[in-house]
**Q** 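Supplied in structure tokens, the structure appears directly below.
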Amino acid sequence: MDYYTSAWHCTKCPENGTMFNLIQTTKDESQPTAEGPKKIYNPKIEIYKIKKLFMLLIKENENTSSEKKLAQLFEKVLDLIEEVNL
């Protein structure tokens, strides 16, 4: 979803549109599916949660062999987030 215009494009199907279309699409799909209910995510909140979880995991694994691997993975995730937000 584009942060400024609210335009979106689904990566799993050909659907796209505005925030209004997205809300309508999710309302129209009130039929239960095998995948379960659809969720709408706020990217800023999800990024915050991911960062917080990584920091917690790194702290929990301080002075272990996993600490360095987690820190490297965290840096890669941050790079990807920055790349997507450009």
Side-chain angles (χ1 to χ4, degrees):
M1 178 177 291
D2 184 275
Y3 178 78
Y4 298 104
T5 66
S6 81
W8 61 276
H9 175 77
C10 181
T11 58
K12 295 184 179 185
C13 71
E15 294 290 325
N16 61 56
T18 64
M19 179 63 85
F20 178 77
N21 301 115
L22 180 61
I23 292 168
Q24 286 303 116
T25 300
T26 57
K27 282 184 180 178
D28 293 343
E29 293 180 358
S30 58
Q31 303 289 356
T33 65
E35 298 171 355
K38 307 237 186 291
K39 291 184 179 181
I40 298 175
Y41 293 100
N42 179 324
K44 284 187 174 186
I45 293 172
E46 294 305 314
I47 290 169
Y48 171 79
K49 288 179 180 179
I50 289 168
K51 287 179 178 180
K52 187 175 176 181
L53 181 57
F54 261 111
M55 296 305 294
L56 177 65
L57 288 170
I58 290 169
K59 187 173 182 172
E60 286 177 356
N61 287 281
E62 205 169 34
N63 300 321
T64 69
S65 60
S66 297
E67 180 185 13
K68 185 176 179 180
K69 291 176 187 175
L70 284 166
Q72 289 172 339
L73 183 59
F74 184 42
E75 287 301 316
K76 286 183 180 182
V77 168
L78 291 177
D79 289 344
L80 287 170
I81 290 170
E82 185 177 315
E83 183 78 23
V84 171
N85 286 327
L86 292 178

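Remember, it's a predicted structure, so these values are computed and weren't measured experimentally.
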**Q** Could you name each residue pair satisfying side-chain hydrogen bond (donor to acceptor under 3.5 Å, both in side chains) that touches residues 44-63, not counting sequence neighbours?
**A** Tyr3-Lys44
**Q** Of all heavy-atom pairs between Val77 and Ile50, which one has the smallest distance, and what is that distance?
**A** CG1-CG2, 4.1 Å
**Q** Just do the side-chain contact (heavy atoms from CB on, under 4.5 Å) check on Phe54 and Leu73 with the steps written out, would you?
**A** CA-CA 9 Å; Phe54 261 111; Leu73 183 59; 3.8 Å; yes
**Q** Please report the interatomic distance OG1(Thr64) to NZ(Lys69), rounded to the nearest 0.5 Å.
**A**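 Thr64 atom OG1 to Lys69 atom NZ measures 9.0 Å (nearest 0.5 Å).
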